Every structure is written in structure tokens, then in C-alpha cells.
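Lettering follows sequence order; numbering is per chain, from 1. Just so we're clear, the structure is a prediction, and the values are computed from it rather than from any experiment.
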2 protein chains.
Amino acid sequence: MNIIPSLSIDCVIFGFHEKKLKVLLLEYDKEQLDAPVKNPDAFAPYTETEPDGKFPYEKPIGLPGGHVPVDRSINDYARDILETATGIKDIYLKQLGAFGETERVSFLRVVSVVYYALINPEHYSIRGSSLLKSLEWYDIDKVPELIFDHNAMIEKALKRLREEVQIRPVGFHLLPEMFTLTQLQQLYETVLGIELDTRNFRKKIQKMHLVVDTGKMQTGVAHRAARLFRFDKKVYEMLAEQSFSFRV
Amino acid sequence: MNIIPSLSIDCVIFGFHEKKLKVLLLEYDKEQLDAPVKNPDAFAPYTETEPDGKFPYEKPIGLPGGHVPVDRSINDYARDILETATGIKDIYLKQLGAFGETERVSFLRVVSVVYYALINPEHYSIRGSSLLKSLEWYDIDKVPELIFDHNAMIEKALKRLREEVQIRPVGFHLLPEMFTLTQLQQLYETVLGIELDTRNFRKKIQKMHLVVDTGKMQTGVAHRAARLFRFDKKVYEMLAEQSFSFRV
DNA sequence: GCAAAAGTGTTGCCGCTACACCCATGC
DNA sequence: GCATGGGTGTAGCGGCAACACTTTTGC
């Protein structure tokens with residue numbers, strides 16, 4: 001499979017679990033990275049090496065990514081990476097932008113187009129394809145030092161997510177199909193880093209007609225069971241297109 | 001000068017003049033395009049050719065752009081293009097995103113990173129470097145058919161500008177250093193495609209402390225002369241960082 | 001003096017914020 | 001029965017939209 005050597009894709013995959021915003025990172029296999037690509041048709045993570053054939057990180061942790069095949073569009077290939085990393089389809093995915101400092105990869109000139117994705121915690125146990133054994137969720141504020149400029153990519157993606165969440169109702173993608181209003185509120189509190197008034201939050205959400213009562217209730221909790229809601233796809237799609245004020 | 005063949009940069013340069021939003025386009029020199037690059041150290045527009053050495057457009061109009069040199073960051077090179085096209089520095093410039101469909105350029109796989117810029121009409125007479133004789137401002141709603149996917153790029157840039165203008169005070173970059181409040185209002189009306197109430201608009205703008213009275217007045221107009229304002233850089237920078245509601 | 005745009009205040013309504021207590025469930 | 005989070009209403013304030021007339025200038 002022919003790739004474009006000077007162009008790669010990286011994906012910032014966000015998750016939300018127990019009031020924490022998470023990002024999915026990959027510990028790259030140093031031996032695989034040091035060796036020539038063995039399985040070039042499969043998902044190929046970074047395969048650039050220094051002139052001596054070594055990869056310049058002891059414990060290379062980074063975003064899932066890879067080089068773009070000449071016959072795949074960048075959007076399609078970002079989706080390939082995402083599906084390989086998570087094992088699921090139909091994920092909210094958007095382009096963040098291109099990172100193109102000359103020295104961002106020390107031993108090669110490569111520009112990376114970065115995407116960000118929102119996935120919901122029903123899929124948290126899924127660990128991607130067998131090629132990627134060492135995928136791990138990291139708290140957004142406990143991300144270690146990563147390869148290349150991947151820390152900067154996450155930072156920028158987070159900034160974008162904070163903006164996005166205020167002008168489009170995208171937050172829902174981080175929740176399971178049925179969720180409580182408290183979960184939704186905690187999501188916004190976490191992403192925006194502020195506290196919200198419960199009563200006011202609920203009024204605002206209900207007025208938007210974005211969520212509908214499923215009639216079902218939480219079970220197995222040591223307190224009053226909460227109603228479960230799902231969000232209304234039709235209203236969502238209407239609101240998602242026309243940029244809309246979602247100040248919660 | 002070594003370039004990255006699979007990577008190009010394009011710039012959507014917006015201007016505002018007489019209540020119209022404009023975009024700066026370039027009629028590429030077919031003969032220069034058909035021939036090998038004569039002056040590779042200077043601004044080199046698209047130099048891809050079909051296998052027979054011909055450029056596949058009769059009247060190739062498109063965005064100013066070029067292939068990225070291996071030793072320039074994409075941001076820096078976007079600025080180079082912008083300066084070559086306009087002849088001026090210190091322009092508001094931001095990345096829009098990467099366009100990477102496989103067939104976007106019919107005869108070569110090339111991904112383009114697109115930027116958008118806002119320039120003010122004091123510079124309207126400037127026509128860029130001598131290499132680029134055929135630069136022209138086009139009304140945003142009278143853009144002809146362009147090369148490659150440049151029409152789609154402009155459309156996306158416009159959409160982004162509409163969003164941007166509502167969450168950051170970027171509109172000012174489209175105005176001259178001193179401007180009247182009416183000009184400012186017309187700018188917002190044009191970009192957003194809506195009408196605004198003059199009194200309410202002025203109240204809102206003044207309350208933001210973003211514009212300051214220069215004490216000067218318009219001259220040579222066939223009606224009551226308007227006050228000239230400039231915008232306050234300090235307040236602007238404060239507000240520009242923290243995404244801020246600029247609902248006018 | 002007339003055409004053309006600048007400039008200016010008030011009122012009513014709506015939406016937002018602030019705020020505290022009872023309810024259901026598991027253990 | 002107690003600990004834990006679920007769920008609800010109101011009042012006051014501030015901000016926003018709607019709205020019309022006088023002023024200045026060039027010709």
C-alpha cells in the first residue's frame with residue numbers, strides 16, 4: 001500500500017466517564033516502530049525512524065495515527081484510524097486542523113492533519129484491534145509527555161471542544177444512549193470547568209426540546225432513581241447545522 | 001528550493017468594500033503554469049501539470065497558493081503567500097483546515113491546507129508582487145468557477161467567518177484604521193446577512209468598550225459627517241482570547 | 001431647501017439568576 | 001433511619017428588542 005510520506009493523520013479521541021474527561025492514547029510498540037512495517041495493509045502507526053533506524057522515544061505514548069495512503073481521502077482515513085482504535089463505527093468526528101511546524105517530528109518533515117472524536121462510554125471496554133494492545137484512557141489533566149507535538153494537539157482539541165460545546169449541542173455524543181440530566185449537567189460542568197445551577201440547567205435543557213423522556217428509570221442506585229432521557233435526533237440535526245447559542 | 005509535492009497551501013483572502021464582502025482571486029498564467037517553474041525561489045503558484053505538461057483549465061482562476069517548501073512551516077508559508085499576494089504584512093490570518101479528497105486535483109494526489117485572512121480596504125489598490133499581475137477582488141456572491149475545489153474552500157471559509165464573527169471581535173480587521181459606526185454595522189449586516197437596529201447596535205458596541213472615539217470626523221460626504229472611531233487593541237486582545245459572545 | 005445619512009432615549013417584556021426544601025431508594 | 005443524589009418553583013433584576021424624530025452636511 002502506497003502512503004504519502006510527508007502527511008500523517010492523528011486522532012484526539014475524547015471520552016467522558018465518572019465526571020472526568022478522558023482521551024484515548026496508545027503506547028506504540030517500540031519494536032514494531034524500530035522494524036520495517038510488517039503488515040502494511042493493516043493500521044500502521046508511525047513508522048518514521050531516525051537515520052539509524054531507531055525511534056527516538058523510550059516509552060512512546062501518543063495519539064492513534066498513521067500515514068495517509070495515496071488512495072484514501074484524509075477524512076476517510078481518519079475514520080479508518082478511529083474504527084481501528086475503537087472497534088466501533090458511527091462516531092462523531094471532526095477535523096481540528098493541520099500541524100506543520102518544520103521540526104515537529106525531529107527526523108522527518110511531516111505535516112499532520114488532526115481530527116477529534118467524541119465517543120460514549122458504552123464502548124469503554126473495547127480495546128481496538130488486536131494490533132493495538134496498549135490503548136489506554138487517560139484523564140485529560142493527567143496526560144503524560146507524548147511523542148512529537150501530540151500534547152499540543154490535545155490542548156488545541158480541548159480548546160476547540162470547549163468552544164464547540166457552546167455553539168452546537170455536540171456534548172451528547174459523549175453520553176450513552178440513555179442518560180440522566182445529572183450526567184448531562186456534569187458533562188457540561190467538566191468540559192467547561194464551571195459549576196451550574198441544577199434547576200436553571202434543567203429548565204434550559206427542557207426548553208430546547210433536545211432531550212426526551214424515555215419513560216425508563218435508573219436502577220440499582222443507592223438513592224432515588226433518576227429518569228433516563230435520550231436526545232432527539234431530529235431536533236439535534238436541526239440545531240447542529242445552524243450554529244446556535246448553547247450557553248448553559 | 002525543495003518543496004513537498006503532495007502538500008499545498010491556499011489562502012482565502014477576504015475584504016470588505018462598499019457593503020460587499022470580497023475575496024481576492026488570481027488568474028493563473030497559463031503559460032507559466034504549462035512551462036517548468038522559471039523562478040523557483042519566488043512565490044510559485046500551482047505548478048502541477050497533467051502528464052502531457054498541460055494545465056487542465058482554459059482560464060484558470062483560483063485562490064493564491066503554492067506548494068510548501070520543506071524548510072518552511074505551513075503557518076509561515078501561508079503568511080509568505082499572503083504577503084506576496086497583497087504586498088502587506090500584519091494581516092489577520094487563521095487556519096481553516098485541510099482539504100484532502102483523493103480526486104480534488106485530478107492529476108496528482110495533493111492535500112491542501114487552507115487559511116483565511118481578513119484585510120482592510122486601505123490596501124485595495126495594492127496588487128501584490130509583479131509576479132502576480134492578474135489579482136482581482138470578486139464579490140463573494142459573484143465568484144466564478146475556480147480551479148480544483150477552490151469554490152468549496154471559499155464556501156467553508158465564509159461559513160467559518162460567520163461563526164467567528166459571532167464569538168470573537170474579528171470583524172474589525174476588515175475595516176480601515178478609522179471607521180464610522182455605520183461602517184461597522186454594515187460589515188456585520190453583510191457578513192451575517194441580517195439587518196440590525198442602529199440604536200441597539202451602537203449601544204451594544206459602546207458597552208463593550210471595544211471602540212474609542214478618535215475625535216476626528218468624516219470629511220467630503222454629502223451629509224452630516226460621522227465620527228471616526230478606532231478599536232482598542234488592549235480590549236480587543238483581552239476579548240479575542242477568551243471566546244466571548246459577540247451577538248450583535 | 002432638499003436629499004442623505006448621523007445620531008440619540010425610553011418602555012415593556014422576556015429570560016436569566018439566585019435560592020431551599022422534600023422525595024425516593026439502598027443499605 | 002440515614003445517607004445519597006433526584007427533583008421541583010418563584011421573584012426580582014437586567015438586558016434586549018422595538019420604535020421615530022432631529023441634526024448636519026453638500027449640493
K.L.:
Between the side chains of A/Arg230 and A/Glu177, is the shortest nitrogen-to-carboxylate-oxygen separation below 4.0 Å, so that they form an ion pair?
P.N.:
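Looking at A/Arg230 together with A/Glu177, the answer is no, because their closest N to O distance does not fall below 4.0 Å.
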K.L.:
Taking only residues two or more places apart in sequence, or in another chain, which ones meet B/Arg227 in a salt bridge (charged side-chain N to carboxylate O under 4.0 Å, His left out)?
P.N.:
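Once residues adjacent in sequence are excluded, the partners of B/Arg227 under the salt bridge (charged side-chain N to carboxylate O under 4.0 Å, His left out) criterion are B/Asp213.
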K.L.:
Please name the pair of heavy atoms, one in A/Leu174 and one in A/Phe14, separated by the smallest distance, quoted to 0.1 Å.
P.N.:
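Heavy atoms only, the tightest pair is CD2-O, 3.6 Å.
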K.L.:
Can you give one letter per nucleotide of nucleotides 1-11 of chain D, going 5' to 3': B for a protein heavy atom under 4.0 Å from the base, S for sugar-phosphate only, - for none?
P.N.:
---BBBSBBB-
K.L.:
Could you state the atom-to-atom distance from CZ of B/Phe201 to P of C/dT8 in whole Å?
P.N.:
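Rounded to the whole Å, the gap is 14 Å.
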K.L.:
Report yes if at least one side-chain N or O of B/Lys207 is closer than 4.0 Å to OP1 or OP2 of D/dG15; otherwise report no.
P.N.:
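It does not, given that no N or O in the side chain of B/Lys207 lies less than 4.0 Å from OP1 or OP2 of D/dG15.
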K.L.:
Output yes when a side-chain donor or acceptor of B/Gln166 lies under 3.5 Å from a complementary backbone atom of B/Glu163, and no otherwise.
P.N.:
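No.
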K.L.:
Heavy atoms, side chains only, cut-off 4.5 Å: are B/Phe179 and B/Gln186 in contact?
P.N.:
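Contact flag for B/Phe179/B/Gln186 side chains = no.
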K.L.:
Could you tell me whether the side chain of A/Asn151 and the main chain of A/Leu146 form a donor-acceptor pair under 3.5 Å?
P.N.:
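Confirmed, A/Asn151 side chain pairs with A/Leu146 backbone.
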K.L.:
Send over the distance from B/Glu18 CD to C/dA5 P, rounded to a whole Å.
P.N.:
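Taking atom P of C/dA5 as the reference, CD of B/Glu18 is at 12 Å.
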K.L.:
Rounded to whole Å, please give me the gap between NZ in B/Lys19 and P in C/dA4.
P.N.:
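That distance rounds to 12 Å.
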K.L.:
Between C1' on C/dC16 and CD1 on A/Ile194, what's the gap in Å once rounded to a whole number?
P.N.:
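Computing the A/Ile194:CD1 to C/dC16:C1' distance gives 14 Å.
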